[in-house]
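Everything below concerns the one structure shown next.
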Protein chains: 2
Amino acid sequence: MSVVDGHREPRRAPEGARTRAFEEVLDRIEERIAAGGLTVGDRLPGERQLAEELRVSRSSVREALRALATLGVVSSQVGRGPDAGAVLTSRPDSALTELLRLNLSLSTLTMREVVDTRLMIEQWAAARAAGDGGAALGEMAEAVAAMDAAATPEEFVAHDIAFHMALAAASGNRLTSAIMRALRDAVRHYAIDAVLRLGDTADLQADHRRILDAVRDRDAEAATAAVTEHLARAYPG
Amino acid sequence: MSVVDGHREPRRAPEGARTRAFEEVLDRIEERIAAGGLTVGDRLPGERQLAEELRVSRSSVREALRALATLGVVSSQVGRGPDAGAVLTSRPDSALTELLRLNLSLSTLTMREVVDTRLMIEQWAAARAAGDGGAALGEMAEAVAAMDAAATPEEFVAHDIAFHMALAAASGNRLTSAIMRALRDAVRHYAIDAVLRLGDTADLQADHRRILDAVRDRDAEAATAAVTEHLARAYPG
DNA sequence: GACCAAATATGGTCTGACCATACACCCGGC
DNA sequence: GCCGGGTGTATGGTCAGACCATATTTGGTC
């Protein structure tokens, strides 16, 4: 019934260790990041080496790395050389997007909540962009022109996202920008539907130009109002 | 050198399949969630069954489930019975917290950005709470009383988080609440330091009472101002 | 020096085993 | 009939060891 095995250490004492092996790996890697001064671009040891150092199996190491990859903190490349292996990155956008998409699928979030959150961020970002004066004006104007030239709803929405991302980026806050990006990506499909439903993008473009003008004029109040009306039009409540 | 194996299918045609096996599993599970009407509380098939159905190894299934667990969408219990196995959940808070913590460690986010984002959410939530009238007043008042009675900075901060979470929850938006929770949890350590640095919590409590009063009086403007001053005091810029 | 083949290091996948846990089931005693 | 305990079993968690695909490094040949 039972093949002789004999290479197991049966948990060397119940010393409070209730954590699973991969969590131990997770903690150790986070320690190295926090203490060792590792930063974006640095490489982690290979999976096999990590497994040996931490005295766990490679599977456990892989599960830990998969968790970190899901959070957008590491990225793995196969092959050999300086660029191969697990590298520290910082791509929170995709993780946030996935989080939102799944929660929308599970109906633990509603579109209303997502759109309201987006409105909060855009109002805030528009006011800051108007106050700061316009580093983002160039990008925003380009996006408006590109939307004019867009042949399909997909194209239009792509440039629409670029417009609103430029506005968000003008706030200088990478966290709100990342959240904004994730919000847009998660509901990209709905945005395309909205464009199809409206049929005509002239009103949306008029809104965009009003936002652009308000930021150019450094009129925070007008920028906030323009953004509010724009979202009310695109996602009627 | 090479043991005879012979149970491998060498990738049945390069039919564009550039996705890794665990990603395929991820997609299939998400499909089931989106299409099959699975919702929170429902169980997924066991790892072994899933592996057989999708014609991949159990390791790949596990990596996919680990990714979903990292996003707070599934939770696994060992054992047997109705509660065992992988169950769909919705705990985005921990995923967001981890994301923020790691990005702070990696210095791809600054405390300033985190605090500014928190300010944005709290201003917005305070205005809405004041407008809606106070379902949250009871909880907030309790939290203020508990902070008065707190013996340690840790205790104080715990109730402080409860106070601000009640305010955020009053907005009725689960997404902003979840982000708020994650923001607070990620910088919990800094909050405790801030309390220690201030030495005295009387000013903070005075702020809390001003916020509470403004919400009670349904004065959105005063609530926003009170929140703004409170954060400026706690995290001077 | 340029080019090509072999060695090698990396992540990705698979198999098959064992472990720990917690419920399901059955069987005996009452 | 009911209850209590022992056993069966399904579940996730872990491990070991192999092979595969990929990309660089290395070294040899012309």
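Just so we're on the same page: letters track the sequence lines, and every chain starts at 1.
Counting all heavy atoms, side chain and backbone alike, A/T70 lies closest to B/L71 at CG2-CG, 3.6 Å. Scanning all heavy atoms of the two residues, the minimum distance from A/A186 to A/T97 falls at N-CG2, 3.9 Å.
To the nearest angstrom, P of C/dT13 lies 15 Å from CG of B/L50. Whole-Å rounding puts the A/R20 CZ to C/dC19 C1' distance at 15 Å. Distance CD (B/Q49) to P (D/dT11): 7 Å, rounded to an integer number of Å. In this structure, the CG atom of A/L26 is 14 Å from the P atom of D/dG13, given to the nearest Å. Distance B/R43 CZ to D/dA10 C1': 9 Å, rounded to the nearest Å. Per the geometry, CD belonging to A/E23 stands 9 Å off P belonging to D/dG13, to the nearest Å. Note: CD (A/E47) to C1' (D/dT14) measures 16 Å, nearest angstrom.
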Quick one: which protein N/O atoms are closer than 3.5 Å to N/O atoms of nucleotides 7-9 of chain D? Pair and distance per line, please.
unit_1	atom_1	unit_2	atom_2	d
D/dG8	N2	B/R80	NH1	3.2
D/dT9	O4'	B/R80	NH1	3.1
D/dT9	O2	B/R80	NH1	3.3

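Taking CD1 from A/I179 and CD1 from A/I121, the interatomic distance works out to 5.0 Å, rounded to the nearest 0.5 Å.
Using a cut-off of 4.0 Å between Lys/Arg side-chain N and Asp/Glu carboxylate O, B/E23 and B/R20 are scored as salt-bridged. Under a 4.0 Å N-O distance rule, the pair B/E30/A/R101 qualifies as a salt bridge. Between A/R128 and B/D116 there is a salt bridge, since at least one side-chain N of the basic residue sits less than 4.0 Å from a carboxylate O of the acidic one.
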Discussion item. If you apply the rule side-chain contact (heavy atoms from CB on, under 4.5 Å), what do you find for A/L88 with A/L44, and how did you get there?
Written reply: CA-CA 7 Å; A/L88 289 178; A/L44 276 81; 3.6 Å; yes

Discussion item. side-chain contact (heavy atoms from CB on, under 4.5 Å), that's the test. Do A/L100 and B/L175 meet it? Break it down for me.
Written reply: CA-CA 9 Å; A/L100 292 175; B/L175 177 52; 3.7 Å; yes

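At a threshold of 4.5 Å between non-hydrogen side-chain atoms, the residues B/T110 and B/L104 do not count as touching.
Summary for the helix from C/dG1-D/dC30 to C/dC30-D/dG1: the axes at its two ends, each from 5 pairs, differ by 20° when rounded to the nearest 10 degrees.
The backbone N or O of A/V56 sits nowhere less than 3.5 Å from a side-chain atom of A/S60 that would complete a donor-acceptor pair.
Using a 4.0 Å heavy-atom cutoff across all strands shown, B/G81 reaches sugar-phosphate atoms only and no base atom.
Classified by interplanar angle (parallel below 30°, tilted 30° to 60°, perpendicular above 60°), the ring pair A/H164/A/H208 is perpendicular.
Of all the residues in residues 57-71 of chain A, A/R58, A/R62, A/R66 reach under 4.0 Å from DNA chain C with at least one non-hydrogen atom.
In terms of position along DNA chain C, the nucleotide closest to A/S76 lies nearer the 5' end than the nucleotide closest to the other residue of the pair A/S76 and B/R48.
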